[in-house]
Protein chains: 4
Amino acid sequence: MIKEEITKHSIQLFEKKGFSQTSIQDIVDVLDVTKGTFYYYFSSKEQLLMDIHLQYIDNLLSRQQMIFDNTSLTNKEKLEEVILMLIKDIKERGSSGRVFFREIRHLNNMNISKVKEKRNNFRLRIEEVVQEGIKTKEFQSDLPADMIAFGILGVTNYSYNWFNPNGDVSPEELAEIFSKMILNGIVSG
Amino acid sequence: MIKEEITKHSIQLFEKKGFSQTSIQDIVDVLDVTKGTFYYYFSSKEQLLMDIHLQYIDNLLSRQQMIFDNTSLTNKEKLEEVILMLIKDIKERGSSGRVFFREIRHLNNMNISKVKEKRNNFRLRIEEVVQEGIKTKEFQSDLPADMIAFGILGVTNYSYNWFNPNGDVSPEELAEIFSKMILNGIVSG
Amino acid sequence: MIKEEITKHSIQLFEKKGFSQTSIQDIVDVLDVTKGTFYYYFSSKEQLLMDIHLQYIDNLLSRQQMIFDNTSLTNKEKLEEVILMLIKDIKERGSSGRVFFREIRHLNNMNISKVKEKRNNFRLRIEEVVQEGIKTKEFQSDLPADMIAFGILGVTNYSYNWFNPNGDVSPEELAEIFSKMILNGIVSG
Amino acid sequence: MIKEEITKHSIQLFEKKGFSQTSIQDIVDVLDVTKGTFYYYFSSKEQLLMDIHLQYIDNLLSRQQMIFDNTSLTNKEKLEEVILMLIKDIKERGSSGRVFFREIRHLNNMNISKVKEKRNNFRLRIEEVVQEGIKTKEFQSDLPADMIAFGILGVTNYSYNWFNPNGDVSPEELAEIFSKMILNGIVSG
DNA sequence: AATGAATGAGTGTTCATTCAT
DNA sequence: AATGAATGAACACTCATTCAT
């Protein structure tokens with residue numbers, strides 16, 4: 001209960017001020033407890049950050065798996081679904097996402113490796129879908145699937161930096177725009 | 001001379017360890033001078049970071065202008081050129097770029113505003129090219145030019161996080177892959 | 001307990017070396033604790049100085065009030081009592097007094113205002129007694145009470161700079177000398 | 001020429017910000033020269049402070065001597081004249097005076113001794129006049145001349161802390177008020 | 001007579017962490 | 001389960017002073 005509260009408020013603080021600029025004191029002040037309490041639940045500031053990272057990426061991985069395991073979807077539809085998932089996530093978990101992308105460097109080397117492996121898995125599964133689509137002729141035959149996967153993630157992940165999910169364009173609309181661009185390009189005809 | 005050396009090595013350190021985690025001591029140790037020397041050339045650590053930011057974005061803005069002012073290029077070609085410029089830049093100024101994208105938060109509010117304005121200008125000029133291309137029918141008529149500009153920048157800027165310009169794929173090749181994806185999409189036929 | 005110790009020793013150090021010339025390190029060295037301990041009890045060096053100022057002036061104000069509220073005293077006697085109080089204070093709180101008079105400038109503007117207001121109150125109450133004495137014909141009718149109050153405080157406060165309470169002249173004797181000078185002057189007849 | 005300029009502006013700065021809080025940089029910035037220039041004229045920051053002290057006290061001593069050497073004056077008049085001199089000085093040399101009273105602690109021990117000796121001389125000569133006046137029966141017979149001298153200086157010197165020579169009360173008026181208080185007291189009859 | 005570059009010791013302050021209770 | 005006191009290492013920054021030119 002308290003542990004979850006700490007995590008939740010830390011995400012807000014890390015997003016707003018950054019990991020380094022947020023002190024344990026800042027965190028416990030929000031909850032009106034003392035630093036001792038923090039160290040009862042977390043062994044270090046870094047472990048808290050690791051928890052946040054794992055929660056974020058594990059959630060994405062399992063939701064990605066649900067999409068990609070759905071055999072009724074074409075590869076094109078799988079890409080569309082995963083793009084939609086990522087863009088919609090900005091609204092509900094944008095803070096976590098920004099912390100995830102920005103603060104990984106503050107983990108120690110071992111934890112960085114663990115997180116990067118999961119992050120790579122997420123990307124590699126997208127790469128596999130692209131590869132599958134090439135095989136099924138849904139996608140162009142000469143695509144370098146790995147680079148395309150990076151390109152897709154660039155479009156979606158960069159959105160965490162600028163997209164306002166409460167603005168004029170809804171997450172669903174943005175996901176459709178980006179899906180179209182990636183799938184069909186912008187050139188006319 | 002020394003000022004340039006400080007800037008150069010700071011970029012490397014900021015890239016590797018992050019702005020907060022890099023101390024003035026770290027910086028001057030590399031050059032074998034004292035902290036006093038640092039403060040002779042820079043009024044604060046933040047001013048050094050601002051210098052780095054301005055150097056980076058001003059350079060990009062002027063090169064972008066050269067491309068966009070070239071009336072012999074189509075709008076499609078202009079986009080290709082600017083994508084190529086950004087991807088090739090990873091090789092020569094990748095460190096600066098990563099610092100630019102990651103550490104802006106450590107500037108004070110006024111400086112953040114200044115940098116963001118320039119960064120927005122860079123994006124808005126891309127948006128204008130997309131808009132122009134729509135008018136000339138080079139691009140599809142129903143494109144939201146603003147979102148597309150964000151999409152293009154997502155693809156290129158995210159590359160700073162993963163692309164190894166000395167690896168199997170050359171910057172020129174990657175630029176072509178991304179240009180094709182953005183312009184023509186990945187769907188076959 | 002420790003907080004009081006810090007305050008006590010700081011007063012000695014500030015008196016001897018001055019506020020600026022006394023470092024936090026100097027202070028904690030005396031008590032054999034670390035700088036962290038200092039900042040556990042005080043938010044800043046300035047706050048410590050403010051504490052010292054408030055302790056000093058609040059004490060004087062309350063003792064002054066006790067004297068001036070004593071309706072059995074004439075206005076002349078009230079002045080004598082307050083002069084005695086100030087001179088006797090040199091022995092017990094001379095260090096605090098010297099810090100108070102000398103180091104106020106190192107407070108921030110808001111704190112300076114707060115302290116000056118209290119200091120002014122102390123003076124204004126003396127002015128009121130002079131004014132009362134004029135009304136009751138104890139004192140000469142044409143006295144500018146405000147300037148006289150400054151004059152009285154000049155005589156007493158300046159004593160903090162030179163008077164040795166353990167020397168040939170006792171505090172009580174000095175108070176009497178100054179009371180006589182102020183009340184009756186030095187001219188004969 | 002430049003040396004005098006440095007001294008002049010230093011006095012203003014030392015008065016406003018205090019000796020410690022004023023850097024050599026602050027001083028040379030006002031004159032738009034470099035620190036090297038400062039060290040061409042002064043061997044150290046402290047020497048500048050010593051110059052200021054000596055200028056101030058030597059001037060007072062010589063003017064005091066002119067008054068006390070004037071054999072046409074009674075001892076009472078001599079005191080009146082010296083009080084007038086000191087109060088009028090607030091207008092023309094108030095900055096120097098405040099620096100003199102406040103910053104002496106920043107001199108080294110040898111210089112402190114030199115200045116204190118001169119300051120003591122100034123006081124001792126006042127004491128002598130009081131003593132003379134006692135002999136001539138101008139003043140009361142049982143006065144402790146030394147304490148009275150301190151009292152007189154308290155009244156005048158403290159004025160540097162509060163008296164505004166451009167306010168409602170002129171220096172001449174204030175000098176008269178204080179002379180009357182010291183000579184005749186404030187008690188009526 | 002004056003400069004500009006450089007020094008190095010010191011300053012106030014922050015903060016993750018520990019630990020007895 | 002939680003606290004309060006204490007630590008100590010680190011940090012950005014200041015500044016009087018030096019010195020070759």
Side-chain angles (χ1 to χ4, degrees), chain A residues 1-3 6 19-29 31-49 106, chain B residues 1-3 5-6 19-29 31-49 106, chain C residues 1-3 6 19-28 31-49 106, chain D residues 1-3 6 19-29 31-49 106:
Chain A
M1 191 62 194
I2 289 211
K3 193 175 183 188
I6 292 176
F19 179 77
S20 297
Q21 271 57 47
T22 304
S23 67
I24 306 284
Q25 195 61 57
D26 291 336
I27 295 167
V28 298
D29 278 354
L31 295 167
D32 221 31
V33 295
T34 60
K35 279 190 278 195
T37 303
F38 178 90
Y39 280 93
Y40 180 76
Y41 291 108
F42 297 92
S43 64
S44 70
K45 193 184 173 191
E46 196 229 331
Q47 201 223 38
L48 163 61
L49 185 62
H106 296 106
Chain B
M1 193 61 194
I2 287 215
K3 196 178 181 185
E5 286 292 304
I6 291 176
F19 179 77
S20 298
Q21 271 56 48
T22 303
S23 69
I24 305 288
Q25 195 61 60
D26 291 337
I27 294 168
V28 298
D29 279 353
L31 295 167
D32 218 33
V33 294
T34 60
K35 274 192 279 195
T37 302
F38 177 91
Y39 282 95
Y40 181 75
Y41 291 105
F42 297 92
S43 62
S44 70
K45 194 184 172 189
E46 196 229 328
Q47 201 224 39
L48 162 62
L49 184 62
H106 295 104
Chain C
M1 191 60 193
I2 289 214
K3 194 176 182 188
I6 291 176
F19 179 77
S20 298
Q21 271 56 49
T22 303
S23 68
I24 306 287
Q25 195 61 58
D26 291 337
I27 295 167
V28 297
L31 295 167
D32 218 31
V33 293
T34 60
K35 276 194 277 193
T37 302
F38 177 91
Y39 280 94
Y40 181 75
Y41 291 105
F42 297 92
S43 62
S44 69
K45 192 183 174 190
E46 196 228 330
Q47 201 224 38
L48 162 61
L49 184 62
H106 296 104
Chain D
M1 191 62 194
I2 288 211
K3 194 175 182 186
I6 291 176
F19 179 77
S20 297
Q21 271 57 47
T22 303
S23 67
I24 306 285
Q25 194 62 58
D26 291 336
I27 295 167
V28 297
D29 278 354
L31 296 167
D32 221 31
V33 294
T34 60
K35 278 190 277 195
T37 303
F38 178 91
Y39 280 94
Y40 180 77
Y41 291 106
F42 297 92
S43 63
S44 70
K45 194 184 173 191
E46 196 229 330
Q47 200 222 41
L48 162 62
L49 185 62
H106 296 105

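Below, chain A is the first sequence line, B the second, and so on; all start at residue 1. Note that these values count all heavy atoms, side chains included, but never hydrogens, waters or copies made by symmetry.
When atom types are taken as modelled, the side chain of D:Lys45 and the backbone of D:Phe19 share a donor-acceptor pair closer than 3.5 angstrom. A distance-only check finds no donor-acceptor pair linking the side chain of C:Lys3 to the backbone of C:Tyr40 [under 3.5 Å]. Side chain of D:Asp29 to main chain of D:Asp26: no donor-acceptor pair is present (N/O by atom type, distance under 3.5 Å, no hydrogens or angles).
Relative to the side chain of B:Lys45, the nucleotides F:dA16, E:dA16, F:dA12 differ in distance, and F:dA12 lies closest. Side-chain proximity of C:Tyr40 to the nucleotides E:dT7, F:dG4, E:dA16 is greatest for F:dG4. Of all nucleotides listed (F:dA2, F:dT14, F:dT17), F:dT14 comes nearest to the side chain of B:Tyr39. Considering only side-chain atoms of C:Thr34, the nucleotide from E:dG12, F:dG8, F:dC13 that sits closest is F:dG8.
Atom CE in A:Met1 sits about 14 Å away from atom P in F:dA1, given to the nearest Å. F:dT7 atom P lies 11 Å from atom CG of C:Leu31, rounded to whole Å. Spacing between atom CD of B:Gln47 and atom C1' of F:dA12 amounts to 14 Å, rounded to whole angstrom units. With rounding to whole Å, B:Leu48 atom CG is found 11 Å from F:dA12 atom P. The interatomic distance linking D:Asp26 (CG) with F:dT14 (P) rounds to 11 Å, in whole Å. One interatomic measurement links the two molecules: CD1 of C:Ile24 to P of F:dA10, which rounds to 20 Å at whole-angstrom precision. Regarding D:Ile27, its CD1 atom lies at a distance of 11 Å from the C1' atom of F:dA16, rounded to whole Å. B:Asp29 places its CG atom 12 Å from the P atom of F:dA10, with the value rounded to the nearest Å.
The 5' end of DNA chain F is approached more closely, in terms of each residue's nearest nucleotide, by C:Gly36 than by the other of B:Phe38 and C:Gly36. Two residues, D:Tyr41 and B:Ile2, neighbour DNA chain E, and the one matched to the more 5' nucleotide by heavy-atom proximity is D:Tyr41.
Between D:Leu31 and D:Thr37 there is no side-chain heavy-atom pair separated by less than 4.5 Å.
Between D:Ser44 and F:dA16, a side-chain N or O to OP1/OP2 separation shorter than 4.0 Å is absent. Remark: C:Thr37 is in phosphate contact with F:dT7, judged by side-chain N or O atoms under 4.0 Å from OP1 or OP2.
Pairing each heavy atom of A:Glu46 with each of A:His106, the nearest pair is CG-O, 3.6 Å.
Figure legend. F:dA12 is base-paired to E:dT11; pairs are counted as Watson-Crick or G-U wobble with both atom distances under 3.5 Å. In this structure, F:dT3 and E:dA20 make a Watson-Crick or G-U wobble pair, each of the two defining distances being under 3.5 angstrom.
Residue D:Ser20 is classed as having no contact, given no heavy-atom separation below 4.0 Å to the nucleic acid. Contacts of B:Thr22 with the nucleic acid, taken as non-hydrogen atoms under 4.0 Å apart, involve only primed sugar atoms and P, OP1 or OP2. If you check every strand for non-hydrogen atoms under 4.0 Å, B:Ser23 touches sugar and phosphate atoms only.
Considering OH of B:Tyr41 and CE of B:Met1, their distance stands at 10.5 Å, rounded to 0.5 Å.
The base of E:dT13 lies close enough to the side chain of C:Lys35 for a donor and an acceptor atom to sit less than 3.5 Å apart.
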